[in-house]
Structure formats: C-alpha cells, structure tokens
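Quick caveat: nothing in here was measured; it's all calculated off a predicted structure. Numbers for residues simply follow the sequence, beginning at 1.
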Amino acid sequence: MSVQVSDHALVRYLQRIGGFDIERLRSTIAARCAEAARAGASGIIIDGHEFIIQRGFDGSAVVTTVLPPQAKQNRKGRL
C-alpha cells in the first residue's frame, strides 16, 4: 500500500515541524506581486517564475499559483 501526502499536509508540516513561517512567505509573495496586481495584470514573472494572479469575486487580486520557468514555454508548445 502506498501513502500519498496532500498539499495541505505538506504545508502544515512545513509550518509546524519544518519551522517555515507560512504567513511571512505569503506576505513576501503578496508584496512582490502587488504592483502588477494593482495594474490589473493576470501574472508577473519574478526571477524567471510566473506568478499567476486572478481576481476574487470581490475584485481582490489572488495569487493562485507559481509556475517554474519552463512551464510557460511548455504551455506555448516550445521545449
């Protein structure tokens, strides 16, 4: 029998056992994406990674994922 670990469990492990300050990381990401979000961008590339920004129902900006550098190229069909 194999055991899988959910993303939620992994984040909680990092937060509670691994010593990562998740709220500090969240604040850092928000600060780095704030200017692009205010300008209405749907994403921003920072250090080669693409931060995807979507709008919440209330119009707020939400960073929903971060893609690695090659992901954008792969989405466009390039290797």
Side-chain angles (χ1 to χ4, degrees):
M1 171 166 91
S2 67
V3 175
Q4 296 181 11
V5 179
S6 71
D7 290 346
H8 178 80
L10 182 61
V11 168
R12 290 301 171 244
Y13 176 87
L14 291 172
Q15 181 179 27
R16 296 174 180 158
I17 299 168
F20 284 85
D21 185 345
I22 300 299
E23 290 307 315
R24 182 171 163 226
L25 291 171
R26 186 186 316 273
S27 294
T28 298
I29 292 169
R32 296 186 79 187
C33 296
E35 188 175 336
R38 279 192 297 272
S42 61
I44 182 173
I45 296 176
I46 301 172
D47 298 331
H49 292 82
E50 187 175 8
F51 292 68
I52 304 300
I53 302 169
Q54 295 183 348
R55 298 289 159 200
F57 292 115
D58 62 357
S60 62
V62 180
V63 177
T64 57
T65 193
V66 180
L67 303 173
Q70 70 276 10
K72 187 172 185 178
Q73 292 176 349
N74 289 343
R75 282 197 319 249
K76 291 184 175 182
R78 290 182 261 142
L79 295 175

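- Applying the side chain to side chain contact (heavy atoms under 4.5 Å, CB included) criterion to Ser27, with sequence neighbours excluded, gives no partner residue.
- Ser42 pairs by the side chain to side chain contact (heavy atoms under 4.5 Å, CB included) definition with nothing, not counting sequence neighbours.
- For the side-chain hydrogen bond (donor to acceptor under 3.5 Å, both in side chains) test, residues two or more places apart in sequence or in another chain that qualify with Ser60 are Asp58.
- The two residues Ile53 and Ala36 make their nearest non-hydrogen contact at CD1-CB, 4.4 Å.
- Counting all heavy atoms, side chain and backbone alike, His49 lies closest to Pro68 at CD2-CA, 3.7 Å.
- Atom CZ of residue Arg12 and atom CD1 of residue Ile17 lie 12.0 Å apart, to the nearest 0.5 angstrom.
- Partners of Ala9 by side chain to side chain contact (heavy atoms under 4.5 Å, CB included), not counting sequence neighbours, listed by chain and number: Val5, Ser6.
- Linking ILVMFWY side-chain heavy atoms closer than 4.5 Å, directly or via other members, places Ile46 and Leu67 in two distinct hydrophobic clusters.
- Rounding to the nearest 0.5 angstrom, the gap separating the CD atom in Glu23 from the OG1 atom in Thr28 is 11.0 Å.
- Taking both residues in full, the closest heavy atoms of Cys33 and Ile44 are given as SG-CG2, 3.9 Å, listed atom of the first, atom of the second, then distance.
- From Thr64, atom OG1 reaches atom CZ of Phe51 across 11.5 Å, with rounding to the nearest 0.5 Å.
- Listed by first and then second residue, the salt bridge (charged side-chain N to carboxylate O under 4.0 Å, His left out) pairs that reach into residues 30-46 are Arg32-Asp47, sequence neighbours excluded.
- What you find for Arg55 and Ala61 is that their closest heavy atoms are NH1-CB, 3.0 Å.
- In this structure Ile22 satisfies the side chain to side chain contact (heavy atoms under 4.5 Å, CB included) test together with Val11, Gln15, Phe20, Leu25, Arg26, sequence neighbours excluded.
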